[in-house]
Amino acid sequence: MNSTLTPMPLSSVHPTPDSPWGTYLMQVDRVVPYLGHLARWVETLKRPKRALIVDVPIELDDGRVAHFEGFRVQHNLSRGPGKGGVRFHPDVTLEEVMALAAWMSVKNAAVNLPYGGAKGGIRVDPALLSRKELERMTRRYTSEIGIIIGPHSDIPAPDVNTNPQIMAWMMDTYSMNTGTTATGVVTGKPIHLGGSLGRVKATGRGVFVTGREAARRIDLELTGARVAVQGFGNVGSAAAELFNQAGSKIVAAQDHTGTIYNDRGFDMADLTAHVKEHGGVGGFKGAEPMKDEEFWDVACDILIPAALEGQITAERARRTKAKLVLEGANGPTVPSADDILAERGILVVPDVICNAGGVTVSYFEWVQDFSSFFWTEDEINVRLDKIMIGALRRIWDTADRHRITLRTATFAVACERILTAREERGLYP
Ligand code: GLU
C-alpha cells in the first residue's frame, strides 16, 4: 500500500503514554492479537466518529459575560445510539472527552447494551457558579449540542459534578427546542421526570457486585476486609456503603477536601452525614487526617479508585497493599501501572466492567421512558445484578482462556461485538 494512505495519528490531540487517550490507545493495541479477522477494522476504534466543540457563553449574575469550552464526542455508533455522561470540571479537554467516549463504547458493548459510546463535558469549575449561572450554562450547552443529541441518536447522563437536576435542565431545554416532552433524551433524571429508581446508586452497586464476585474468586473474605476509597461522590460513597453492609471496614477515604483514616473502620452513617454537610470527607471527626500521598500506602485489601483518571501511577502501583482493585472511576490506572499490578498478582476489575452499573440502569431508564411503564427498585436491582454478573463471568472465561488480564479480556469481548456490528453493517458508501 502507498505509505501515505496508511492511517496517520490524529492531529487534534497529542496523547502521552499516561494521558487518557494514550492509555486508551494502548489498551486497544493490547487487544488486537485476540480479535482474529476483525483486527482489520481496529483503526475504527482509534478515532472518534464525531467530535463537537462548542462555545458556551452565559451572562453571569453580575452582568459580565463568561465563555466556557464545551464538548460532545460520539466515539462509535455501530451498535446503537451514543450513550455516556457529561462532566463539568476545570480539567476537561477534548482529549479527555475522546477517551471517556471511547471507554463508553467498550463499556456498553461489554455489558451488551444496545448503545455506542459518547461523552460530553464543559471545562468549568461549577463550584464557582451560582445555581442560576449553572442552569444557564447547562441550558446553553444543551442547546449547542442539540444538533447531535436525541433519544435515538445520543443520550447524555450524569458524570463528575453533574446530577439529576442538571439532567432535568437538559431534558427541558431539548424538549423546548424540539416542541416535545423528550424524557428519553437524557438518563439519570429526577424520578418525577421519568427517572429510574435505583439509578443514583447503580454505579456504586455495580462496583460492589463485581467486587464481591471477584473477591469470591480469589478467596478474599468480605467480612472484615479493609477497604480504601478514593473519591466519595456518587460512586465511591455508594460502593463504600454496600461493602460496609457486607461486613467490610472502610479504613481510608480521600477526596478533594482531604484524606482520612480510621484503623477500626468509619461509622458510615456519621461519615455520610458529614459529607452531606461539608461537601467532602475532610475534617471528619470519626477519623484521623492523613497526608494525601499516604493514602496509597494504607494497609487495605480492596482499593476503590472512584475519582478521576490517571490516579494509579506506576509508582503508586508498586506501593499499594491491596489484593483487589475495583475501578469505580473511568481510566484510573495508567498502562505501566496496570503491568505492575498484574506482576504483583493484584487483581484489577477494570472500569469498563466494574463501573458499568450506572449506564446499565440508564439503559433501564431509557427503556422505561419509551414504554411509560416503570419498574420497582427491587426489579431494577435484580436485573442489574444479573447483567453485571453475567457479563463478568463471560469476561472471566475469556481471561482464563487466553491467560490475559480482565481488562484485555473485557476489551476482547467488547471490541469483538463492536467490530462485528461494524463489519455486518459494512462500510458506507
Ligand atoms: N457517566 C457514567 C459512566 O461513566 C454513566 C453514563 C450513562 O449512564 O450514560 O459510565
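For ligands, and for the atoms within them, numbers begin at 1 and follow the listed sequence. Throughout, numbering of the chain's residues begins at 1 and tracks the sequence.
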Problem set entry | Close approach of Ala356 to ligand 1, heavy atoms, under 4.0 angstrom | no
Exercise. In Å, rounded to the nearest 0.5 Å, how long is the span from CG of Asn163 to CD1 of Ile166?
Worked result: 4.5 Å
Problem set entry | Check: Arg199/Ser362 side-chain N/O donor and acceptor closer than 3.5 Å | yes
Exercise. Looking only at distance, does Ala157 have an N or O less than 3.5 Å from an N or O of ligand 1?
Worked result: no
For this session: Could you tell me whether His152 and Phe370 have their ring centroids closer than 6.0 angstrom?
Result: yes
Exercise. Distance from Thr333 atom OG1 to Gln27 atom CD, nearest 0.5 Å?
Worked result: 9.0 Å
For this session: Please confirm whether Lys107 comes within less than 3.5 Å of ligand 1 when only nitrogen or oxygen atoms on both sides are compared.
Result: yes
Problem set entry | Centroid separation Phe232 to His256 less than 6.0 Å | no
Exercise. To which protein heavy atom is atom 8 (O) of ligand 1 closest, and what is the distance rounded to 0.1 Å?
Worked result: Ser362 OG, 2.6 Å
For this session: Report the nearest protein non-hydrogen atom to atom 9 (O) of ligand 1: residue, atom name, distance rounded to 0.1 Å.
Result: Lys83 NZ, 2.7 Å
Exercise. How about Ser196 and Lys189: does a side-chain donor come under 3.5 Å of a side-chain acceptor?
Worked result: no
Seminar exercise, completed: Counting heavy atoms under 4.0 Å, the part of Lys119 that contacts ligand 1 is side chain
Exercise. So which heavy atom in the protein is nearest atom 6 (C) of ligand 1, and how far is it from that ligand atom?
Worked result: Gly85 N, 3.7 Å
Seminar exercise, completed: Quick look: Asn330 vs ligand 1, heavy-atom contacts under 4.0 Å, and the answer is side chain
Seminar exercise, completed: Among Pro158, Gly84, Gly358, closest by heavy atom to atom 2 (C) of ligand 1 is Pro158
Problem set entry | Nearest neighbour in protein (non-hydrogen) for atom 5 (C) of ligand 1 | Arg199 NH2, 3.6 Å
For this session: Output yes when Arg123 and Asp91 qualify as a salt bridge under the 4.0 Å nitrogen-oxygen rule, no when they do not.
Result: no
